[in-house]
Amino acid sequence: MANTATEVRLATFNVSMESSNYLPPGATGDNTVLATILVNGDNPQIKNIAAIIQRVRPDVLLLNEFDYIAMPEFGIQAFIKNYLNQAQQGSEPIDYPYFYYSTVNTGQPSPFDLDNNGKATGVGADAWGFGFYPGQYGMVILSKYPINTGQVRTFQHFKWQDMPNFMPTIKADGSPWYSKAAWQQFPLSSKSHWDVPLLINGKTVHILASHPTPPVFDGEENRNGIRNHDEIRFWLDYLNPAEAGYIYDDNGKTGGLTDNSRFVLLGDLNASADGDGDAISTAIKALVSHHRINQSFTPASKGGAENTPELFHAKYHTASWRMRADYVLASDFGFNIKDGGVFWPAKDDADYPLVGSRGASSDHKLVWLTLALTAD
């Protein structure tokens with residue numbers, strides 16, 4: 001039975017299941033677009049996404065870019081029932097009796113001109129997190145293990161200004177990019193940061209989930225790159241109890257994650273410690289080398305190596321644009337890493353069509369680790 005397992009497989013997958021993925025270029029929809037597709041159960045792209053999940057068979061899975069749909073029967077439960085519970089591409093069905101999702105900052109309108117283009121539109125770059133409707137690019141956790149919902153911590157509304165030594169965003173003349181009124185309300189997280197405790201084999205495992213903003217689509221001020229850096233830095237402080245006193249969650253509880261806690265940090269972090277991409281790399285480098293992170297194994301794939309043969313570290317890439325963007329980072333305490341990987345088959349593999357194009361599944365690949373729980 002799942003609740004007596006000594007090994008657990010955890011994964012992250014940016015599934016690109018937000019409305020614009022299913023609409024003509026330039027069109028913006030809302031979360032009813034995904035809801036309609038989930039009801040029908042016949043979308044080829046989502047069927048391939050489900051097939052990938054069924055192939056890897058994670059016990060715990062973070063989905064990034066899954067639109068927030070308030071009523072689960074039209075959202076995550078419909079995905080489970082109509083796609084994951086159905087055999088796809090020769091794989092066995094898979095079920096997740098537990099799930100967690102909540103609101104995010106993407107598409108939440110602000111009253112301010114956050115991109116300084118002279119117009120306060122409330123959407124796109126003028127939303128608190130880039131998006132055209134609330135909940136675009138949302139997050140969901142699927143689990144075969146019970147979730148301690150009473151102990152979940154969310155940090156959607158933590159104010160960026162309350163992070164000590166935040167990285168400032170400034171105009172060319174050196175003045176603050178954001179108005180004083182906007183800065184006082186500005187959340188750090190472009191979506192949210194979550195600490196979701198699971199009960200696995202009688203032990204608590206904290207799932208630390210996030211999806212920092214892409215460090216692009218801005219200007220010389222690099223406002224998105226700076227936000228991406230500080231969203232990742234949040235986890236550095238959260239894992240250092242001596243540095244975490246400033247942190248408060250959406251219920252007002254302060255502090256970070258105590259020492260000797262099992263955790264797995266999951267998500268599309270939109271940053272590479274190997275120097276690929278446009279992110280400010282100091283935070284992600286510090287995170288992957290953090291003393292509380294098990295650094296004995298890095299998930300890899302043949303497909304990634306094949307995609308960029310001139311780079312040795314390409315085998316660790318998780319996105320089609322040649323970057324390690326997606327992470328499964330396990331705590332050094334409480335686990336031994338057994339294996340893991342990136343679902344990116346080589347071109348001569350029978351499963352390559354599941355990832356062979358942008359429209360096949362997603363521009364990101366599923367990443368996983370299999371962990372053995374150790375004694376306290």
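Heavy atoms only: backbone and side chains are in, while hydrogens, waters and symmetry mates are out.
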Legend entry - Nearest heavy-atom neighbours spanning Glu231 and Ser189: OE1-CA, 3.5 Å

Inset, instruction - Give the minimum heavy-atom separation between Gly75 and Ile69, together with the two atoms involved. - result: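 Looking at all heavy atoms of both residues, the closest pair is CA-CD1, 3.8 Å.
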
Centroid-to-centroid, [X] to [Y], below 6.0 Å?
| X | Y | result |
| --- | --- | --- |
| Phe66 | Phe79 | yes |
| Tyr238 | Phe155 | yes |
| Trp183 | Trp177 | no |

Side-chain atoms of residues 258-266: list all donor-acceptor pairs with protein atoms under 3.5 Å, sequence neighbours left out, distances to 0.1 Å.
| unit_1 | atom_1 | unit_2 | atom_2 | d |
| --- | --- | --- | --- | --- |
| Thr258 | OG1 | Ser261 | OG | 2.9 |
| Ser261 | OG | Thr258 | O | 2.8 |
| Arg262 | NE | Gly334 | O | 3.1 |
| Arg262 | NH1 | Asp376 | OD1 | 2.8 |
| Arg262 | NH2 | Thr374 | O | 2.3 |
| Arg262 | NH2 | Asp376 | OD1 | 3.0 |

[X] side chain to [Y] main-chain N or O, any donor-acceptor pair under 3.5 Å?
| X | Y | answer |
| --- | --- | --- |
| Lys338 | Leu371 | no |
| Asn201 | Thr6 | no |
| Ser175 | Lys171 | no |
| Trp194 | Val140 | no |
| Ser301 | Gly304 | yes |
| Glu221 | Gly219 | yes |
| Gln136 | Ser19 | no |
| Tyr83 | Ile49 | no |
| Ser289 | Lys285 | yes |

Inset, instruction - Walk me through it: do Arg227 and Ser190 pass the test side-chain contact (heavy atoms from CB on, under 4.5 Å)? - result: CA-CA 8 Å; Arg227 191 179 192 182; Ser190 56; 3.9 Å; yes

Will you find, in the side chains of [X] and [Y], an N or O donor that is under 3.5 Å from an N or O acceptor?
| X | Y | answer |
| --- | --- | --- |
| Thr12 | Asp326 | no |
| Arg324 | Thr318 | no |
| Tyr327 | Asp268 | no |
| Asp276 | His317 | yes |
| Asn228 | Asn270 | no |
| Asp274 | His313 | no |
| Asp250 | Thr154 | yes |
| Asn43 | Tyr22 | no |
| His290 | Asn240 | yes |
| Asn48 | Gln88 | no |
| Asp363 | Trp321 | no |
| Ser16 | Arg358 | yes |

Any heavy-atom pair between the side chains of [Y] and [X] that's under 4.5 Å?
| X | Y | result |
| --- | --- | --- |
| Lys302 | Trp344 | no |
| Val33 | Asn21 | no |
| Ile200 | Leu373 | yes |
| Leu369 | Phe297 | yes |

Inset, instruction - Take Asp67 and Tyr137, measure what side-chain contact (heavy atoms from CB on, under 4.5 Å) needs, and give me the verdict at the end. - result: CA-CA 5 Å; Asp67 272 357; Tyr137 312 108; 5.5 Å; no

Legend entry - By salt bridge (Lys or Arg N to Asp or Glu O under 4.0 Å) - contacts of Glu306 (at least two apart): none

Above 12 or not: heavy atoms from other molecules or residues under 6.0 Å from [atom1] of [X]?
| X | atom1 | answer |
| --- | --- | --- |
| Lys159 | NZ | yes |
| Phe217 | CZ | no |
| Lys203 | NZ | yes |

Inset, instruction - Calculate, to the nearest 0.5 Å, the distance between atoms CG and OG belonging to Asp126 and Ser110 respectively. - result: 5.5 Å

Inset, instruction - Please assess Phe13 against Leu61 for the test side-chain contact (heavy atoms from CB on, under 4.5 Å), listing each intermediate value before the final yes or no. - result: CA-CA 7 Å; Phe13 195 5; Leu61 170 64; 4.0 Å; yes

N-O pairing of [X] and [Y] below 4.0 Å:
| X | Y | result |
| --- | --- | --- |
| Asp351 | Arg55 | yes |
| Asp332 | Arg292 | no |
| Arg153 | Asp195 | no |

Inset, instruction - Under the side chain to side chain donor-acceptor pair (under 3.5 Å) rule, collect the residues that match up with Asn105, sequence neighbours excluded. - result: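 Asn105: side chain to side chain donor-acceptor pair (under 3.5 Å) contacts with Gln156.
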
Legend entry - Single hit among Asp162, Asp237, Thr254 for side-chain hydrogen bond (donor to acceptor under 3.5 Å, both in side chains) with Tyr246: Asp237

Inset, instruction - Step by step, work out the side-chain contact (heavy atoms from CB on, under 4.5 Å) result for Asn148 and Thr204. - result: CA-CA 9 Å; Asn148 186 348; Thr204 296; 5.8 Å; no

